[in-house]
Number of protein chains: 2
Amino acid sequence: MARPRTFDETAVLDAAVREFRVHGFAETSTEQLCEAASVRRSSLYNAFVSKDELFVRALQHYVATTGARQSTILADDELTGAERLRTLVDVVMDEELQAANRGHAAGCMVVQSLMSPDLRERDERVSRILDRDLRERLSLLSGAIRAGQIDGSIAKGVDPDDGAVLASTVISGLRVTAQTGVDVETLRRIALAGLSSLLH
Amino acid sequence: MARPRTFDETAVLDAAVREFRVHGFAETSTEQLCEAASVRRSSLYNAFVSKDELFVRALQHYVATTGARQSTILADDELTGAERLRTLVDVVMDEELQAANRGHAAGCMVVQSLMSPDLRERDERVSRILDRDLRERLSLLSGAIRAGQIDGSIAKGVDPDDGAVLASTVISGLRVTAQTGVDVETLRRIALAGLSSLLH
DNA sequence: CTCTTTCTGTACTTGATTATCCAAAATATG
DNA sequence: CATATTTTGGATAATCAAGTACAGAAAGAG
């Protein structure tokens with residue numbers, strides 16, 4: 001019973017994620033966000049209240065979508081544990097490859113946000129989202145590692161929880177190294193080398 | 001033939017590094033910098049021209065001091081190649097331990113700056129410093145790895161350049177993971193696991 | 001001892017960026 | 001087809017941090 005929106009809320013969140021994941025919160029202006037989403041200022045504020053709120057929603061959206069993708073891979077019964085980890089690396093590398101074609105590294109909202117204690121303190125929802133995401137991701141990873149130890153593709157000696165933190169650490173490191181312009185094939189080799197204590 | 005400074009320029013740079021490495025450029029205000037260095041606004045501007053200039057000098061200072069420390073370790077003929085890498089990990093872990101005692105992660109000006117394309121574009125000196133630092137670090141690392149392959153402490157199969165990128169990636173990843181509150185002992189275990197393709 | 005030069009402290013200016021306001025537009029509903 | 005209701009666009013206000021100005025303080029040189 002009123003004028004409908006001319007834009008899709010999810011499309012705006014996608015655009016916001018694209019900006020935030022490379023520029024971070026502080027260095028992304030609301031104007032950039034409007035521009036990227038092709039939405040006028042007041043529409044954005046009308047729909048999302050404030051830059052902070054939009055960031056929280058974008059972060060939520062980001063971890064939900066990436067979490068879902070990782071979930072389908074890491075909990076895929078068709079694959080061995082080791083294959084799941086390698087597929088995960090492939091996905092991350094794909095993101096970097098696509099970003100590289102656009103002339104920059106993919107960035108990562110999680111790495112950005114984790115590295116910014118201020119951001120986490122300013123809005124505790126950010127902390128909560130990151131904590132939750134981390135727990136979820138570590139749980140999926142250790143699950144895949146346990147599966148790999150049962151199917152024989154991953155060495156029995158390693159502690160699954162440690163292995164999970166390792167995988168998470170390596171991927172974060174890749175996000176950083178990707179910024180240095182290293183080509184994606186090297187990056188993939190490095191990733192697998194970093195996980196070699198699991199994958200042998 | 002004039003009034004001398006009441007502060008030490010290097011002390012100001014140290015303070016600036018302490019702020020920048022945890023908060024990043026955008027989220028560190030000049031007021032914070034003054035506060036941290038116990039220096040008044042005009043003194044700071046008189047000595048360092050602008051926030052950008054101060055950042056460049058701080059970054060330079062940061063990579064110079066950390067570079068020097070890494071250099072003494074990674075080029076230490078008394079140690080095997082593997083021992084050099086392990087000692088490097090110890091140094092990073094020490095930084096994190098000290099920071100943890102102060103209630104936060106150590107942060108890292110290099111990781112922060114690398115993850116911020118805007119920062120690098122705004123002042124090309126930042127790019128140059130980071131590029132130079134990376135090359136230097138990779139060169140030291142691959143040198144240590146080659147030394148390890150000669151003294152038998154590092155597997156012959158690995159490409160020293162790849163190994164260098166791996167070590168750099170793992171350390172960056174540790175800087176990120178440290179922000180999640182993982183205890184330092186776990187962190188150290190993860191570091192060694194990530195480097196296991198070199199250290200076995 | 002005084003003069004010159006630089007440093008220091010405070011208050012102010014400026015510029016950018018976030019957020020708001022309000023009138024006009026659009027449309028589903030009755 | 002009128003109306004209620006929300007969105008939209010443009011302009012405006014409010015805020016906040018970077019940088020500047022200037023007067024006064026400090027100390028070495030002559």
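Throughout, a chain's letter reflects where its sequence line sits, starting with A, and its residues are numbered from 1.
When each of B:S29 and A:V39 is assigned the nucleotide of DNA chain D bearing its nearest heavy atom, the one mapping closer to the 5' terminus is A:V39.
Within 6.0 Å of atom CZ in B:R5, more than 12 heavy atoms from other residues, nucleotides or ligands are found, so the atom counts as buried in its surroundings. The environment of CD in A:E35 is sparse: at most 12 heavy-atom neighbours from other residues, nucleotides or ligands sit within 6.0 Å.
Not one N or O on the side chain of B:R40 forms a donor-acceptor pair closer than 3.5 Å with the backbone of B:C34.
Distance, B:L44 CG to C:dC7 P: 13 Å, rounded to whole Å. Between the C1' atom of D:dG10 and the OH atom of A:Y45 lies a distance of 15 Å, rounded to the nearest Å. For the pair B:F48 CZ and D:dA18 P, the interatomic distance rounds to 16 Å; values are reported in whole Å. When the P atom of D:dA17 is taken as reference, atom CD of A:E27 falls 15 Å away, rounded to whole Å. Atom NZ of B:K51 is separated from atom P of D:dT20 by 15 Å (rounded to the nearest Å). What separates CG of B:N46 from C1' of D:dA21 is a distance of 13 Å, to the nearest Å. Atom CZ in A:F55 sits roughly 16 Å away from atom C1' in C:dT18 (whole-Å rounding). If you measure from atom CG of A:D118 to atom C1' of D:dC16, you get 16 Å, rounded to the nearest angstrom.
Among the nucleotides C:dT8, C:dA28, D:dA18, the one closest to the side chain of A:P4 is C:dA28. Comparing D:dG9, C:dA19, C:dT27 by their nearest atom to the side chain of A:R40 picks out D:dG9.
Classification of the B:F25-B:F20 ring pair by plane angle, with boundaries at 30° and 60°, yields parallel.
Within residues 5-12 of chain B, no residue has any heavy atom closer than 4.0 Å to DNA chain D.
Between the side chain of B:R41 and the base of D:dG19, at least one donor-acceptor pair of N or O atoms lies under 3.5 Å. The base of D:dG19 does not come close enough to the side chain of B:S50 for any donor and acceptor atom to sit less than 3.5 Å apart.
A:D162 approaches B:I190 most closely through the heavy-atom pair O-CD1, 3.3 Å. Considering every non-hydrogen atom in both A:A106 and A:E96, the closest pair reads N-OE1, 3.0 Å.
In this model, the phosphate group of C:dT8 is not approached by any side-chain N or O of B:S42 to a distance below 4.0 Å at OP1 or OP2.
Among the atoms of the strands shown, only primed sugar atoms or phosphate atoms (P, OP1, OP2) are found under 4.0 Å from some heavy atom of A:S43.
Taking OG of B:S113 as the reference point, atom CG of B:L119 lies at 5.0 Å (rounded to 0.5 Å).
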